[in-house]
Amino acid sequence: MTGTPRTLAEELRTRTDRGLVGLLRARPDLLNPVPGDVTQLATRAGTRASVVRAVERLDRFVLQTAEALAVAPDPCPYDTLGALMGGDAGDPAVAAELPRAVAELRAQALVWGPDDRLRLVRTARELLTPSPAHPSPTGLGPSVAEAMAGMSPGRLQEIIAAAGLPATHDPVTAVAALTTLFADRNRMAALLDTAPAESVAVLDKLLWGPPYGAVTDRPAPHLQWLLDRGLLIPAGARNVVLPREAALHLRGGRAHHAAEPVPPALSPATERDPQLVDNAAASQAFTALATVEELLKEWDLGGPAVLRAGGMSVRDLKRTATALDTTEQLAAFWLELAYAAGLIASDGEADERFAATPAAGEWLQLPDHARWAELAAGWLAATRAPGIVGTADAKGRALAVLGPHLDRSPAPEVRRRALALLAELPPGTAVPASAVLARLRWERPLRGGAPAAGQLPAAGDGAPAAPGPADDLRSRLAQWTLAEAELLGVTGRGALATHGRTLIDSPSDSTAPTPAETTAAATRAAALLAPLLPEPVDHVLLQADLTAVAPGPLHRPLAEALGVLADIESKGGATVYRFTPGSVRRALDAGRSAAELQEFLAAHSRTPVPQPLAYLVDDVARKHGQLRIGAAAAYVRCDDDALLSEILADRRAAALRLRRLAPTVLAAQTSPDQLLDGLRAMGYAPAAESAAGDVLIARADSYRTPPRTAPAPVPDGPPSPDPTLLAAAVRAIRAGDLAATAERKPVQAPAPAPGGFPRTTSAETLATMQAAVLTNSALWIGYVNADGAASQRVIAPVRVEGGFVTAYDHTSDEVRTYPLHRITGVAELADDSV
């Protein structure tokens, strides 16, 4: 195609395959479904929803460029655009970055045309052009022609006369003369030199927006002076507006108060020793593993009930926070982290409650660095935002942890981008969170809030395109990301750790790597983290005050066994366990004998077993099982009838409603479990027995949900297409365009209407097909599929038999078979069309 393109479709046809691939990669919504040809691609690229999505992903300077084009003449020469962005005095930084901005707008099909005729696509212009309902961030108002539309010819002549212009013969030339005056710097300056000081002050107030103001029925003289010369134009009963051309003169030609061609710097930077950063991150990573492990242990026998509306109650969240020794907000993070990794879920039963999943048992058996990799991969890809727990939804209801409505689709992108900004700094370097937020707001100025679909937020104050509010969604997600990365051990002391850099390292350029890529990166990061994690120890230090000190993380079998035999008293660098009669009885209930416990303590202690601890174990073991509880309703059996008499005489046993059946047997009207608990509360150590009289080993079985998968992230729009899909889509668009635009030879039948399908009789269709097989030529056909959808295709017939034609379809780039009765007509192509 030669000459200047007249439409966006014509320009897209001139693009290379690489150019079309770049457009489809930047705007993946254009691929669903794959456009049939370039015209469909251009039409879809101009739809409101697609343009809004594309504009929302522009950085601040590219967006400012689009906003300047929206208030510029259409089409706009490149030099005019440069003057709007840099002003009359020019700006070297703007001049250097403007080509990039225009190229970005062109690549995304938001601007088309050569440099001397730049055109913003119509939908983008409608979105960004100033209007009373949606003021532009530029702070500019309507043009003179727009503001004076509908004004009487007589009033127009009065205005141009007061401005010192000669009378004209029609309103169009009057408006053009006034526009030319306002755009002429010298003549406009001379006019303003005659203005009263109060009039100039009014213009200064409206200069950067909003350009609208209110006046009374009888304006003051200084306002009347502006109204008489068109420097203020009526915009309603008692409103006036500063026309765009006048405002640009007062601004020195600048469309924006301050163009921002360069992103904010990540400063001030604080340099730290990278090794110290890695060690701090590793320490926090180990704490994160211990916290999640403690959560799973807390829910080992089942967690809290699920609310009817989904999620956990506030009371259960407080209990969990107390058990984890943390705040409720941090407890919500740990719960959501375990949920994202697939370690906890609801069981789906009638009395639904949360519990650990079968995957949690497998996770607990993994090495520490592998466990961290699963948590990190789940966190990085999750769209759930724990930070909004407790806030109100659109209906005023509080959002519950683990409940619905916590997904925020931009979360994965924000997490990756925030960490990527830290990765741009030298190793060990930290910057304030405000610097990261400022950069993110520059990169996506329209993605912070939540504008309605098809509607862009507007800055009605006309000030420079200020960063979004500090509490917008994107900023809050970034703040939570920095805090959560520190909790998870991705960063240390505010700087990205070495394994954190590897975590976000992806082989593809996409901002949304595949789950497999995320998992692989987390595995590589975990390998770097492994040497920094503390080595587990296989011993404890027993002390005479009935405590044991673990000088480091214990091997899992030792930790599990010690957790049954003793209660954890304090955590930290060294965990302190305390032995009590209840904890020793718990170990005996689990089937261990006193001798086995003594042997276990001696084998795993670097100090001799203290005498008080040995006495405690023997004393509890001597009493353990002396009383036997079985199921009648329940009974107590004991060889010592004096002990049973002592129990009957104890007032605390009244609630158990005991009575003697025999010298060595008591019956109770409570369940065996209640009887066990009641006698233990009285200081005895009964043991449960089976119907055969054997002691029952009371080992608590872990409660697990049925197999559950981790929650699927909620995508932020269509997924990024892979190279194979992009290449196939471009081939299909090219082939469809060939079918739609190829030159056809005239046929004997009536020619189809422009854009219609060929119409031939069945005999003519068959004859033309057979001739094309012999001459190996291509044909243009109209085809109706089984669903009744009509399409046009370019085919090269190979065989015609049995009422079917087998041909190479240029449109789909494959060999296909078509029933002849579904072909509406056929036409030959011009010799140079294929």
Side-chain angles (χ1 to χ4, degrees), residues 67-76 80 84 120 122 125-126 128-136 138-192 194-196 199-200 202-251 253 255 458 460 462:
E67 291 165 351
L69 283 170
V71 298
D74 186 29
C76 175
T80 302
L84 285 171
L120 192 65
R122 178 175 55 84
R125 179 173 288 276
E126 292 173 354
L128 299 174
T129 299
S131 70
H134 301 291
S136 168
T138 61
L140 293 170
S143 64
V144 172
E146 294 167 345
M148 289 187 167
M151 186 175 289
S152 66
R155 178 57 182 159
L156 283 173
Q157 295 302 319
E158 292 176 359
I159 290 175
I160 64 173
L165 299 174
T168 63
H169 299 289
D170 58 81
V172 175
T173 54
V175 170
L178 194 61
T179 301
T180 303
L181 169 64
F182 289 169
D184 189 319
R185 295 288 187 266
N186 295 327
R187 295 166 60 196
M188 186 66 169
L191 176 63
L192 291 175
T194 64
S199 299
V200 175
V202 171
L203 296 178
D204 289 341
K205 290 181 179 180
L206 301 179
L207 178 59
W208 295 107
Y212 295 89
V215 295
T216 61
D217 293 337
R218 295 184 179 182
H222 64 280
L223 293 175
Q224 190 63 52
W225 190 95
L226 296 172
L227 289 167
D228 289 344
R229 289 155 182 79
L231 293 172
L232 289 181
I233 299 175
R238 296 187 178 184
N239 294 322
V240 294
V241 63
L242 175 65
R244 185 182 306 163
E245 293 82 356
L248 286 174
H249 169 80
L250 296 169
R251 296 178 176 193

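Just the heavy atoms: all of them, side chains too, but no hydrogens, waters or symmetry mates, feed the values below. It should be emphasised that the depicted structure is a prediction, and the values quoted were computed from it without experimental measurement.
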Q: Of all the heavy-atom pairs spanning F182 and P243, show the shortest one and how long it is.
A: CE1-CG, 4.0 Å
Q: For a 4.5 angstrom cut-off between non-hydrogen side-chain atoms, does L181 reach H249?
A: no
Q: Holding to side chain to side chain donor-acceptor pair (under 3.5 Å), I want the full list of residues that pass it with R187, two or more places apart in sequence or in another chain.
A: none
Q: Give me the atom names and distance for the closest heavy-atom approach of A247 to L242.
A: CB-CD2, 3.7 Å
Q: Which residues pass the side chain to side chain contact (heavy atoms under 4.5 Å, CB included) test with P171, not counting sequence neighbours?
A: P153, L156
Q: Once rounded to the nearest 0.5 Å, what's the spacing between atom CZ of R244 and atom CG of L140?
A: 6.5 Å
Q: I'd like to check L192 versus L231 (side-chain heavy atoms, cut-off strictly below 4.5 Å). Are they in contact?
A: yes
Q: Give, for atom SG of C76 and atom CG of L84, the distance between the pair rounded to the nearest 0.5 Å.
A: 6.0 Å
Q: What's the spacing between T173 OG1 and L165 CG if we round to 0.5 Å?
A: 11.0 Å
Q: Atom CZ of residue position R122 - does it have more than 12 heavy atoms of other residues, nucleotides or ligands inside 6.0 Å?
A: no
Q: Apply side chain to side chain contact (heavy atoms under 4.5 Å, CB included) to L120 and D74, showing your working.
A: CA-CA 8 Å; L120 192 65; D74 186 29; 5.9 Å; no
Q: State which residues pass side chain to side chain donor-acceptor pair (under 3.5 Å) with N186; sequence neighbours excluded, sorted by chain then number.
A: none
Q: Rounded to the nearest 0.5 Å, what's the gap from CD on E146 to CD1 on I233? Could you check?
A: 10.5 Å
Q: On a heavy-atom basis, which atom in R125 and which in P73 lie closest, and how many Å separate them?
A: NH2-O, 4.4 Å
Q: Under 3.5 Å, which donor-acceptor pairs link side chains of residues 221-230 to any protein atom two or more places apart or in another chain?
A:
residue	atom	partner	partner atom	Å
Q224	NE2	D228	OD1	2.8
R229	NH1	W225	O	3.2

Q: Going by side chain to side chain donor-acceptor pair (under 3.5 Å), name the residues that satisfy it together with D217, two or more places apart in sequence or in a different chain.
A: R238
Q: Tell me, do P130 and V71 make a side-chain contact under 4.5 Å, heavy atoms counted?
A: yes
Q: Checking E245 side chain against V144 main chain: does a donor-acceptor pair fall under 3.5 Å?
A: yes
Q: When rounded to the nearest 0.5 angstrom, what is the spacing between CG in D170 and CD in Q157?
A: 8.5 Å
Q: Go through the structure and list residues passing side chain to side chain contact (heavy atoms under 4.5 Å, CB included) with L207, not counting sequence neighbours.
A: L250, R251
Q: Can you give me the closest heavy-atom contact between A163 and L178, atom names plus distance?
A: CB-CD1, 4.3 Å
Q: Which heavy atom of P142 sits nearest to which heavy atom of V241, and what is that distance?
A: CD-CG2, 3.5 Å
Q: Should L232 and L206 count as side-chain neighbours, where that means a heavy-atom distance under 4.5 Å?
A: yes
